[in-house]
Amino acid sequence: MGVARGSGGKAAWAGWGILMLAGVGVPFFLGNYGLHLLVLVCMYVALSASWNILIQAGQLTLGHAGFFGTGAYTSALLALRLGVPFPLGMAAGGLGASLLAAVVGLICLRLRGVYLAIATLSLVEALKIVVLNLPDVTEGSIGISLPPAFRGARLPSYFVMLGVAVLPVLATAWIKRSKLHFIFGSIREDEGAAQMLGIHTTAYKVFAFALSAFFAGLAGGFYPHYITYTVPDTAFNIGLSIEAQIMPILGGLYTVAGPVVGAVVLTLGGEYLRATLGAANLLVYGIAMVLVILWLPDGLVGLARRWWRAWLPVTGHTQEGAADVR
């Protein structure tokens with residue numbers, strides 16, 4: 001492996017170290033608006049990293065808004081009806097979303113490709129309709145108002161959401177280093193062949209679905225306590241599902257860092273475009289995404305890897321080639 005891979009590993013660890021130091025230190029120097037943006041970044045990291053877990057098993061879904069909304073309403077209703085504090089409500093939101101995903105997954109994950117995407121998209125709309133038509137339980141279209149977490153202080157709220165964002169990233173890193181990486185990969189590449197090898201594909205797909213939904217529900221569980229209200233159109237917004245997919249695609253599918261990079265770039269970059277270009281930002285945003293899909297199929301993380309290898313010393317490339325031959 002020699003210099004090339006060793007240097008690449010050190011660079012990756014250095015990058016993660018810098019990112020964590022920035023994530024912990026920079027917020028102390030920001031105002032409320034800056035902290036709010038970072039809370040949104042962490043929320044999108046949690047959503048995109050959790051969806052990235054699912055796509056590793058080859059399951060293309062549009063249901064993440066449903067799990068986010070399930071977590072939001074579970075947490076909000078527990079606080080409203082029973083006075084449950086938000087940490088317990090968050091956990092219940094994650095577990096509720098995970099249980100829903102397991103039940104739905106046993107049915108929907110028999111489908112593949114676009115059929116699975118349509119089925120999970122229908123789930124989001126169905127959940128929204130249920131919430132709207134049970135006003136005695138969910139407050140219907142009026143929504144639920146809650147007192148702000150930490151009395152409205154942004155900094156503690158940011159660190160809570162940062163913790164939520166870190167969990168699916170760590171889970172992805174764990175999967176990449178465990179046998180699940182190979183099992184998910186075999187299911188993604190050829191499910192029929194995986195079944196012939198004795199892999200219980202349905203069980204592993206449901207596990208990936210439930211694990212992914214847990215982190216989305218956890219993020220949803222804290223969000224209404226942060227913004228102090230939740231309504232069906234916000235909690236079950238299909239735009240969340242779409243953004244949860246775009247961010248890993250931009251950053252780099254199947255990678256640990258891809259969802260993080262994609263969430264940071266698109267959340268902060270999108271806010272800058274809205275502030276400077278107004279309504280025209282959508283055109284620029286769309287063109288940029290088309291260019292990324294066409295010219296960067298492995299995302300920004302893949303681009304960074306190629307640049308790093310190009311800058312390595314010649315001896316590094318020579319040693320890596322020798323190692324590959326052996």
Side-chain angles (χ1 to χ4, degrees), residues 1 5 8-9 12 46-64 66-67 70-71 91 94-124 166-218 241 244-245 247-249 251-260 297-299 301-302 305 320 323-326:
M1 313 281 189
R5 295 188 182 180
L47 284 172
S48 59
S50 62
W51 183 82
N52 194 46
I53 291 173
L54 188 57
I55 200 63
Q56 288 187 62
Q59 306 308 298
L60 178 62
T61 73
L62 287 170
H64 255 52
F67 304 133
T70 298
L95 291 173
S98 185
L99 178 61
L100 174 66
V103 173
V104 172
L106 287 172
I107 303 170
C108 290
L109 292 180
R110 300 176 187 275
L111 304 173
R112 299 182 186 180
V114 67
Y115 301 105
L116 177 59
I118 292 172
T120 51
L121 175 62
S122 302
L123 170 67
V124 178
V166 167
L167 291 177
V169 176
L170 292 177
T172 304
W174 167 67
I175 289 171
K176 298 283 279 186
R177 293 178 174 271
S178 71
K179 69 176 183 178
L180 285 175
H181 174 64
F182 302 100
I183 293 173
F184 285 172
S186 64
I187 294 173
R188 181 178 69 245
E189 297 300 328
D190 192 331
E191 186 173 343
Q195 291 174 337
M196 293 180 63
L197 291 173
I199 296 174
H200 195 322
T201 57
T202 300
Y204 281 107
K205 288 192 295 183
V206 170
F207 171 74
F209 207 39
L211 181 64
S212 174
F214 173 77
F215 297 123
L218 207 60
S241 291
Q245 295 183 31
M247 289 172 179
I249 291 172
L253 281 177
Y254 315 126
T255 65
V256 178
V260 179
D298 50 356
V301 170
R305 285 174 176 168
E320 183 180 25
D324 290 341
V325 170
R326 290 195 298 267

Margin query: Apply side-chain contact (heavy atoms from CB on, under 4.5 Å) to residues Trp51 and Leu60 and explain how you reach the verdict.
Written below: CA-CA 9 Å; Trp51 183 82; Leu60 178 62; 3.8 Å; yes

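- Here Phe214 pairs with Leu95, Ser98, Leu218 under the side chain to side chain contact (heavy atoms under 4.5 Å, CB included) rule; sequence neighbours left out.
- Residue Ile53 comes nearest to Pro168 through the heavy atom pair CD1-O, 4.0 Å, listed as atom of the first residue, atom of the second, then distance.
- For the pair Ala244 and Leu47, the tightest heavy-atom approach, listed with the atom from each and the gap, is CB-O, 4.0 Å.
- Taking OG1 from Thr201 and CZ from Arg110, the interatomic distance works out to 10.0 Å, rounded to the nearest 0.5 Å.
- The two residues Asn52 and Thr255 have their closest heavy-atom pair at ND2-O, 2.9 Å.
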Item checked: Verdict with supporting geometry, Phe209 and Phe67, ring pair (Phe, Tyr, Trp, His ring centres under 6.0 Å) -> CA-CA 10 Å; Phe209 207 39; Phe67 304 133; 5.4 Å; yes

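- Counting heavy atoms from C-beta outward, Thr120 and Val124 have side chains that stay 4.5 Å or more apart.
- Note: His64 NE2 to Leu54 CG = 6.5 Å, rounded to the nearest 0.5 Å.
- Atom-to-atom distance recorded for Ile183:CD1 and Gln56:CD is 12.5 Å, nearest 0.5 angstrom.
- The side-chain heavy atoms of Ser186 and Leu197, taken from C-beta on, include no pair separated by under 4.5 Å.
- A distance of 10.5 Å separates CG of Leu253 from OG of Ser48, quoted to the nearest 0.5 Å.
- Residues Thr61 and Leu123 form no side-chain contact, since every pair of their non-hydrogen atoms from C-beta on lies 4.5 Å or further apart.
- Between Thr172 and Tyr254 the shortest side-chain heavy-atom distance does not fall below 4.5 Å.
- Listed here is the closest heavy atom pair of Lys205 and Leu109: NZ-O, 2.8 Å.
- Looking at Ile55 and Gln245, their side chains never come closer than 4.5 Å, going by heavy atoms from C-beta outward.
- Taking CG of Asp190 as the start and CD of Gln195 as the end, the distance is 9.5 Å to the nearest 0.5 Å.
- Remark: Glu191 CD to Ile199 CD1 distance equals 10.0 Å, nearest 0.5 Å.
- The minimum heavy-atom distance linking Ala101 with Ala210 is given by the pair CB-CA, 3.9 Å.
- Distance alone, capped at 3.5 Å, is enough to place a donor-acceptor pair between the Ser241 side chain and the Leu62 backbone.
- Pairing each heavy atom of Phe184 with each of Tyr204, the nearest pair is CE2-O, 3.8 Å.
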